[in-house]
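Accompanying notes for the structure given below.
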Amino acid sequence: MRDLRFAAIGAGFWARFQLSGWREAGGTQCVAICNRSKEKAESLAAEFSIPRVYTEPEAMLAAEDVDFVDIITAVETHGPMVKLAARHGKPVVCQKPLATTLEEAQAMLQACQTAGVPLLVNENWRWQPSIREVAKVLQTGVIGTPFRARIDMISGFPVFANQPFLKELEQFIITDLGSHTLDVARFLFGEAETLYCQNQRVHTDIRGEDVSTIHLKMRNGMAVLVQMAYAENHLERDRFPETCIFIEASKGSLELQLDHWLRVTTSDGTHIRRVPPPRYAWADPAYDVIHSSIVGCQANLAAGLRGEAPAETTGEDNLETVKLVFGCYESAASNQVIALG
Ligand code: 89V
């Protein structure tokens, strides 16, 4: 089968890793790239042998015959870019977070549905091998029925050094990181019925919240606590950007600990193994866990576009995560429990 040809919009921090992910996953070929700054686009074009460079997305989509468009731009441009691709009848893969508001995310999905093109979201966190393994253990039923869980991504990592624009976001940690951790909660435990959220800001030089504590009551009755922090403080054990998970269930428990240790405890005792991510030469070692999960995510999205397997993180699916993200801000602002539709 021939490679899927795509056009990329954006040449910022994540673009290099996203393009590397597509190359690693195989079966796709980037034929054009567009960025406001031509220099940045040209530099990536040279690195990834991309034949054509544009500075105007409209011009690129009018000229290029592609199978999909990969949007790797800042969140506030996702809406216009997705709608532009839909107008050109092109399937879209969009970077997370999908949109700056729930209404915008709904409008993006509507635009794609009206145009009859799929909208897929590059939501990679759930593709971390250790998180996939947690899901597999749950599916075996070995620990029984889960009744409570904790999902933590608590780090002192200076995240603003590589992504300075994050400092300017009015809504920071839940949109940036919660989009991932709340998606993992859904991936492992299904949909939430209600949520309650408390936000804090530890940094004095940022606009949004950098600490968040979220309580989800799931439809299956589970209680799930999601804790996040980018307080840039000193933690004894800090392995950015690993997610720690603790699940209590009717016949046992499961713990995903730092350094990818997975401990499964039942009446048989505790079985311990490591599930580290693959190491790719192109990945930034500080972001290994994230960058390598891009490969699994993109392989799944490409399979979805080819009709070989269902894509997991479709626009429809991700809309449920977006509802949680903005439900959290509503809860934090009102100090109320929010019921989810
Ligand atoms: O992967 C991401 O989406 C980043 C990070 C989680 C590192 O903050 O923005």
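The structure presented is a predicted model; accordingly, all values stated were derived computationally and were not measured. As the structure lists them, so they are numbered: ligands from 1, and atoms in each ligand from 1.
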Task: Lys/Arg cation over aromatic W127: R132, 6.0 Å, 45° cone - done: yes

- [ ] Could you see which bit of W14 sits under 4.0 Å from ligand 1, with heavy atoms only: side chain, backbone, both or neither?
- [x] side chain

Task: From CA spacing to verdict: side chain to side chain donor-acceptor pair (under 3.5 Å), Q336, Y196 - done: CA-CA 7 Å; Q336 299 286 324; Y196 177 73; over 6 Å; no

Open item on the list: Please classify the L166 to ligand 1 contact at 4.0 Å (heavy-atom distances, strictly less than): side chain, backbone, both or neither.
Closed with: neither

Task: For L305 against P91, the heavy-atom pair lying closest together - done: CD2-CB, 3.8 Å

- [ ] Give the residue, atom name and distance (to 0.1 Å) of the protein heavy atom nearest atom 9 (O) of ligand 1.
- [x] D176 OD1, 2.4 Å

Open item on the list: Just to be sure I read this right, does ligand 1 sit under 4.0 Å from the backbone of F240, its side chain, both, or neither, counting only heavy atoms?
Closed with: side chain

Open item on the list: Closer than 4.0 Å to some heavy atom of I290 - which atoms of ligand 1 meet that?
Closed with: 1 (O), 7 (C)

Task: Smallest separation among heavy atoms of L225 and T213, with atom names - done: CD1-CG2, 4.1 Å

Task: Heavy-atom gap K96 to ligand 1 smaller than 4.0 Å - done: yes

TODO: For the residue pair R279 and S292, confirm or rule out a side-chain donor-acceptor distance under 3.5 Å.
DONE: no

Open item on the list: Any nitrogen or oxygen of W125 lying under 3.5 Å from a nitrogen or oxygen in ligand 1? Just yes or no.
Closed with: no

Task: Atom indices of ligand 1 within 4.0 angstrom of V159 heavy atoms, with elements - done: 8 (O)

Task: Non-hydrogen atom of Y230 closer than 4.0 Å to ligand 1 - done: yes

Task: Atoms of ligand 1 close to Q163 [distance to a heavy atom under 4.0 angstrom, numbered from 1] - done: 4 (C), 7 (C), 8 (O), 9 (O)

Task: Residue, atom name and distance, where the atom is the protein heavy atom closest to atom 2 (C) of ligand 1 - done: H180 NE2, 3.4 Å

- [ ] Side-chain contact test, heavy atoms from C-beta onward, threshold under 4.5 Å: evaluate it for I272 versus V264 and give yes or no.
- [x] no

Open item on the list: Looking only at side-chain N and O atoms, does Q18 offer a donor or acceptor that is under 3.5 Å from a partner on Q95?
Closed with: yes

Task: Pair E104-H78, side-chain donor/acceptor within less than 3.5 Å - done: no

